[in-house]
Amino acid sequence: MIRVNPNYNKLQASYLFSTIAKKVGEFQASNPDKDIIKLGIGDVTHGLPPASIEAMHKAVDEMAADETFRGYGPEQGYDFLREAIALNDFASRGVTIQADEVFVSDGAKCDTGNIQEIFAQEARIAVPDPVYPVYVDTNVMAGRTDQCQDGRYQGLVYLESTADNHYVPALPSEPVDLIYLCFPNNPTGATVTHDELKTWVDYAREHQALILFDAAYEAFIRDDTLPHSIYEVEGAKEVAIEFRSFSKTAGFTGTRCAYTIVPHDCRAYDAEGNAQEVHALWTRRHTTKFNGVSYPVQRAAEAVFSVEGQAQIKALTDSYLHNAAHIREQVSALDYDLIGGQNSPYIWIKTGEDSWNFFDRLLNDAAVVTTPGTGFGTCGEGYIRISAFNDFAKVEEAMQRIVATLSI
Ligand SMILES: *Cc1c(COP(=O)(O)O)cnc(C)c1O
């Protein structure tokens with residue numbers, strides 16, 4: 001008899017986006033003339049940078065001719081892209097990353113989800129709360145947790161991110177081995193300072209732990225004092241893996257290209273306490289289970305690092321940050337506490353009431369879709385997330401309606 005993986009039965013159905021979709025559908029059906037504005041889901045809305053499109057077209061033409069056609073490429077990505085990443089994302093910030101420490105993939109979601117399988121079943125896992133759900137669910141699937149009770153899986157350590165700690169969690173009071181961090185954060189939009197990040201790196205070094213640092217929103221950082229990479233902290237290479245993506249940076253959510261940095265210095269330990277190179281493990285996993293990102297997409301990604309590409313993605317992220325600034329300004333004027341939206345496309349608002357009630361009010365009275373914070377974890381109750389991914393005109397209209405609704 002074929003049995004199911006029993007761990008899948010522990011997963012809490014994610015009612016979040018399906019419930020939102022259902023509520024939005026019902027609202028639209030009973031209000032057919034209302035123009036609903038969506039500031040909910042974390043997906044970009046503007047087209048790809050022209051430099052990427054041009055490079056992709058050229059690469060597609062190469063694929064059409066036998067002389068320039070390419071079949072399977074290296075699983076870890078073409079050298080042209082790995083070198084461009086090492087140079088532009090790291091060397092330019094004083095961090096030395098070798099091209100062979102860059103693993104190109106089809107998404108940071110897959111990479112942050114898959115990485116756990118190279119670590120021991122017994123690894124003690126720490127996840128932020130609120131959290132990007134991928135970190136949690138993939139550890140549940142792998143059997144590292146018990147059942148879910150009151151919104152939390154037994155066996156995980158939750159790193160609470162609240163107003164009291166400015167949404168940067170404190171070190172755990174119990175020992176942990178694998179630590180997921182995400183800055184600029186989804187969903188809170190919070191950022192981490194160099195000193196705060198150093199606290200985590202020092203903790204990991206002291207406890208032979210490993211940090212999984214999700215930097216998917218790095219391109220939104222405008223404050224020069226903030227670190228873009230965890231490797232800007234000395235000693236991080238031994239204890240951290242970093243995830244990046246072209247999705248939010250350059251509008252690749254539907255095109256698919258991301259990368260993970262696994263330094264040669266990064267270590268994990270066997271049962272006898274002997275150190276092993278994590279790089280070798282990830283190479284094995286990646287080359288066994290993945291066959292590379294398509295050539296035209298890697299060329300499109302490479303073009304992001306050209307002079308024109310850099311200017312274009314700056315303009316793209318600037319436009320979303322302009323939206324975010326407007327959302328911040330309008331909501332702050334109503335005396336709500338909020339964070340994010342300055343070096344991040346997300347604004348995290350303390351509602352003063354139940355997340356879903358607040359969500360319902362904004363949908364029913366303002367016809368604006370947001371995301372209830374409770375969908376991201378226990379600490380998200382009483383918050384909503386507003387996303388800045390839209391056109392400025394839509395954001396302006398949405399904020400006029402929200403202000404009218406909340407001012408009553
Ligand atoms: C959007 C996002 C990613 C990127 O995912 P891709 O699979 O590369 O599109 C990664 N981490 C977080 C926290 C995100 O919000």
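Atoms within a ligand are numbered from 1 in the order they appear, just like the ligands themselves. By convention here, the first residue in the shown sequence is residue 1.
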What I want to find out is whether [X] reaches [Y] closely enough, with some N-O distance under 4.0 Å, to be called a salt bridge.
| X | Y | answer |
| --- | --- | --- |
| E117 | K289 | yes |
| D360 | K23 | yes |
| K198 | D202 | yes |
| K58 | E54 | no |

request  = Please tell me if the side chains of S319 and H46 come closer than 4.5 Å, counting only heavy atoms from C-beta onward.
outcome  = yes
inquiry  = With nothing but distance in play, are any N or O atoms of K248 less than 3.5 Å from an N or O of ligand 1?
reply    =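 Yes; at least one N/O pair falls below 3.5 Å.
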inquiry  = For ligand 1, which is the ligand I care about here, please tell me if Y346 has any N or O atom under 3.5 Å from one of the ligand's N or O atoms.
reply    =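 Between Y346 and ligand 1 (N or O atoms, distance only) the closest approach is not under 3.5 Å.
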task = Determine, for Y78 and R70, whether the Lys NZ or Arg CZ falls below 6.0 Å from the six-membered ring centre while staying within 45 degrees of the axis.
result = yes
Any atoms of ligand 1 less than 4.0 Å from a non-hydrogen atom of [X]? List them with their elements.
| X | value |
| --- | --- |
| R256 | 6 (P), 7 (O), 9 (O) |
| S247 | 6 (P), 8 (O), 9 (O) |
| G107 | 7 (O), 8 (O) |
| K109 | 5 (O), 6 (P), 7 (O) |
| C182 | 13 (C) |

task = Check whether any heavy atom of Y217 sits under 4.0 Å from an atom of ligand 1.
result =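 So Y217 counts as touching ligand 1.
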query = Hey, does G42 sit under 4.0 Å from ligand 1 if you only count heavy atoms?
reply =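 Flag not set, G42 not near ligand 1.
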message = As a check for students: among T253, N186, D214, identify the option with a heavy atom nearest to atom 11 (N) of ligand 1.
response =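 Going through T253, N186, D214 one by one, D214 has the nearest heavy atom to atom 11 (N) of ligand 1.
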task = Report the relative orientation of the aromatic rings in F389 and Y320; use parallel for angles under 30°, tilted for 30 to 60°, perpendicular for over 60°.
result =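 Because their plane-to-plane angle is over 60°, the rings of F389 and Y320 count as perpendicular.
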ask   = When you look for heavy atoms under 4.0 Å from ligand 1, do you find them on the side chain of A108, its backbone, both, or neither?
value =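 Under 4.0 Å from ligand 1, A108 contributes backbone and side-chain atoms.
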ask   = Is the Y158 to Y153 ring centre distance short of 6.0 Å?
value = no
